[in-house]
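Just so you know, residue 1 is the first one in the sequence shown, and it goes up from there. The figures here come from the full heavy-atom set of this structure, side chains too, leaving out hydrogens, waters and symmetry mates.
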Amino acid sequence: MGKYAEEARELLSLVGGKKNIAAVSHCMTRMRFVLEEPGKADIKKIEAMKVVKGSFTQSGQFQVIIGNTVADFYNDFVAAAGIEGVSKDAVKQAAKKNQNVLQRIITALAEIFAPLIPAIITGGLILGFRNCIDSLYLFENGTKTLCDISQFWTGIDSFLWLIGEAVFHMLPVGICWSVTKKMGTTQMLGIVLGLTLVSGQLLNAYSVATTAAADIPAWDFGFFKVNMIGYQAQVLPAILAAFTLVFLEKFFRKITPQVISMIVVPFCSLLLAVMAAHFILGPVGWKIGSVISSVVYAGITGPLKILFGAVFGFVYAPLVITGLHHMSNAIDLQLIADYQGTMLWPMIALSNIAQGSAVLGMILLQKKNPQAQEVNVPAGISCYLGVTEPAIFGVNLKYGFPFICGMAGSACAAIVCVATGTTANAIGVGGLPGILSIQTRYMGSFAVSMVIAVVVPLILTLIVGQKKLSPADRGCAAGEFTATEETAAEGTGEKDESAEDAVVDGRAMHSSKVSELKAFLSGKVISLKEVNDGVFSEGVMGEGLAIIPENDILYAPADGEVAVLMQDSRHACGLSLDNGTELLLHVGIDTVDMQGDGFEYLVQEGQKIKAGTPLIRFDRKKIKEAGHPDVTVCIITDGAEDKNIRFLTGIHAAEKTTVIAEFTEGGDAQ
């Protein structure tokens, strides 16, 4: 009988029994369950168990924090339950069944766009800057832009479009690549498919609305013709085409003999996918866009314009996701021609502002989460400057509720905008600077609408976020974890291993040789609170400190024994020191996701070590390229009850030399 057999049986009962477990695995500190009926888990009693340090639900997984003995507990649990554990990836797949259809769709979108976010943010900032220099009439009595009066800024504007065009006009290429990558098919075929959607041989998507039907080029096959229309910046046609390619490739792989698969599979898959994209999927997308345009035109000029304003303000942001929002340009041009102004474009500008304000709410909610702020801040800036894609795909859709809050605020602002007849002279900057494009007599009403578009989404996001956003995503203390559903982890940006840490198994040698810890890295020594990691930064797993590294080898801080190594990820290790203290050393945050790439163990499990023994070699460049902080934490997981420990933070340490912690016998850990 195992050490934790009794506790394992108790936990089995509290999670609803064997029949309620769809899958179970463990990581470095946590048991990970996928439950058939999550509501059957008695969370209060589970968290009251002596062996349990906390629990929370994330991405359909019910996770129970055990700590440094999770591997032993897991073995006893699967024995008591009479079930076999599975890999963490299998648990993730099983967890998806606990998500509803909308959550699965949002998750799929987030996973598709997650790899594209850095480029989208860059493009958003560039386009926002270009809007300011080529669309704001601030000079010579409001008749000229900065580009109009300066050849230098005209050149800058033209040069920056090289990047902006590559990011947004060529977006279908990135989408097709990302879909094929996600679905495990040939990524190069996805890239080629995307390129066929934006080829220079095709009529640019932005020119379709202003091109006469007779002037649209077409492929003439004799008995039928197909319009040669590009899908620059279009999302829906690209996604549909890419998934069609994925289906075709998997189908042909299945039915084609291996000896000829290298020829048949890519040729047939790509050819049919491109035909479907241009012959069926693209035209259907444009048809949907035409229907939407007709409804918008009738609504904005009809007796129910206020109701229409509310609806249009609410649904415009989702149209951005599909790429169909470009059709609004044709309506704007028609309104300008017929009525010397457009009442539609002001609502579009307000929708941009509302989504930016939702991001502002996330900036405030996640002020303690520096990783999130790296996306939030530039996305919010570009959104306020009129480019919404970074905000929508990088932040608001990722968490779900900010997107809805932005839609609600946009609807409120649109009602006031339409009710007052607010009209713009022309299409302008779709954000805060958009007021400069409004006809002078309507600037006051548009300003009121702007205030609504800022305040309503901001307040709604702050209120809803307090309930929906997990403590880990807010960057709060680990002790604040509850069983609340972590909605943020439901998108393709999921913090699945945000608190992974190395553990020890209790094999400490109880002598008193160790009286201090030497620096395990060279760099700045900081407190755990400054790490801002959601599980152990406030001491749930134990007290400790961290070092921001300047070198790439992790050294033992004291004499002892290597207790635990993670052979798959190699990013952490557990030590049993000679004075009975148990440590865990964890290189980087979320680095378990790297699956060992860039990490090398220099010791073996059970090996006796001295202070200064090299433990792990790691590649700081690879860690940063993977998007993870390289800050390395040291946690005292056990054996501190009879010691006073003084942590020396706020200093610059030299590896193997500088003392970073001191032990004295008697008393509680400090």
Could you tabulate the donor-acceptor pairs under 3.5 Å formed by side-chain atoms of residues 415-422, not counting sequence neighbours?
unit_1: Thr420; atom_1: OG1; unit_2: Val416; atom_2: O; d: 2.8
unit_1: Thr420; atom_1: OG1; unit_2: Cys417; atom_2: O; d: 3.1
unit_1: Thr420; atom_1: OG1; unit_2: Thr422; atom_2: OG1; d: 2.9
unit_1: Thr422; atom_1: OG1; unit_2: Cys417; atom_2: O; d: 3.4
unit_1: Thr422; atom_1: OG1; unit_2: Ser445; atom_2: OG; d: 2.8

Please list, one pair per line, the donor and acceptor atoms closer than 3.5 Å that link side chains of residues 137-144 to other protein atoms, with sequence neighbours excluded.
unit_1: Glu140; atom_1: OE1; unit_2: Lys144; atom_2: NZ; d: 3.4
unit_1: Thr143; atom_1: OG1; unit_2: Glu140; atom_2: O; d: 2.6

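Formation of a donor-acceptor pair under 3.5 Å by the Ser410 side chain with backbone atoms of Gly406 is not found in this model. Judged by distance alone, with hydrogens and angles left aside, the side-chain atoms of Ser382 form a donor-acceptor pair with the main-chain N or O of Ala379 at under 3.5 Å. Ser357 places no side-chain N or O within donor-acceptor distance of the main-chain N or O of Leu360, the cut-off being under 3.5 Å. Without hydrogens or angle criteria, Thr196 side chain to Leu193 main chain gives a donor-acceptor distance under 3.5 Å. Side-chain atoms of Thr154 come within 3.5 Å of backbone atoms of Cys147 as a donor-acceptor pair (strictly under, hydrogens ignored).
Interatomic distance, CE of Met170 versus CD1 of Ile175, reported as 13.0 Å (0.5 Å rounding). The distance from atom CD1 of Ile363 to atom CD of Gln373, rounded to the nearest 0.5 Å, is 6.0 Å. Put simply, CE on Met443 and CD1 on Ile435 are 6.0 Å apart, with the number rounded to the nearest 0.5 Å. Remark: Ile239 CD1 to Thr244 OG1 distance equals 11.5 Å, nearest 0.5 Å. Put simply, CG on Asp134 and CG on Leu146 are 9.5 Å apart, with the number rounded to the nearest 0.5 Å. The CD1 atom of Ile216 lies 12.0 Å from the CG atom of Leu202; values are rounded to the nearest 0.5 Å.
Gln355 and Ala317 get closest at one heavy-atom pair: NE2-CB, 3.6 Å. When every heavy atom of Thr461 is checked against every heavy atom of Cys405, the shortest pair comes out as OG1-CB, 3.4 Å. Minimum heavy-atom separation, Tyr316 to Asn352: CE2-OD1, 4.2 Å. Heavy atoms only, all atoms of each residue included: Ala242 and Cys176 are closest at CB-CA, 3.8 Å. Ala414 and Gly313 make their closest contact through CB-CA, 4.0 Å (heavy atoms, listed as atom of the first residue, atom of the second, distance). Looking at every heavy atom in both residues, Pro457 comes nearest to Gly409 through CG-CA, 3.6 Å.
Applying the side chain to side chain donor-acceptor pair (under 3.5 Å) criterion to Ser207, with sequence neighbours excluded, gives no partner residue. With sequence neighbours excluded, no residue satisfies side chain to side chain donor-acceptor pair (under 3.5 Å) with Thr180.
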Intermediate values then yes/no, ring pair (Phe, Tyr, Trp, His ring centres under 6.0 Å), Phe446 and Tyr442: CA-CA 6 Å; Phe446 187 74; Tyr442 294 116; over 10 Å; no
Using side chain to side chain contact (heavy atoms under 4.5 Å, CB included), reason through Cys383 and Val359 one step at a time and then give a plain yes or no. CA-CA 9 Å; Cys383 197; Val359 176; 5.5 Å; no
Side chain to side chain contact (heavy atoms under 4.5 Å, CB included) between Phe159 and Ile156: does it pass, once the steps are laid out? CA-CA 5 Å; Phe159 175 76; Ile156 291 292; 5.7 Å; no
Chi angles and distances behind the side chain to side chain contact (heavy atoms under 4.5 Å, CB included) call for His278, Ile229: CA-CA 8 Å; His278 287 281; Ile229 294 175; over 6 Å; no
Go through the steps for Tyr231 and Val198 under the test side chain to side chain contact (heavy atoms under 4.5 Å, CB included), then give the verdict. CA-CA 6 Å; Tyr231 298 96; Val198 296; 5.6 Å; no
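Residues Tyr399 and Lys468 are not in side-chain contact: their nearest non-hydrogen atoms beyond the backbone lie 4.5 Å or more apart. The shortest side-chain heavy-atom distance between Ile133 and Thr145 does not fall under the 4.5 Å cut-off. Contact check for Val179 versus Leu245: no side-chain heavy atoms found under the 4.5 Å cut-off.
A side chain to side chain donor-acceptor pair (under 3.5 Å) check over residues 156-177, counting only residues at least two apart or in different chains, returns the pairs Arg130-Asp157, Trp177-Gln187. Applying the side chain to side chain donor-acceptor pair (under 3.5 Å) test to pairs two or more places apart or on separate chains, none has a residue in residues 400-409.
Taking the six-membered ring where tryptophan is involved, the planes of Phe308 and Phe312 are essentially parallel, since the angle between them stays under 30° and well short of 60°.
Residues Glu530 and Ser527 have side chains that bring a donor and an acceptor to within less than 3.5 angstrom of each other.
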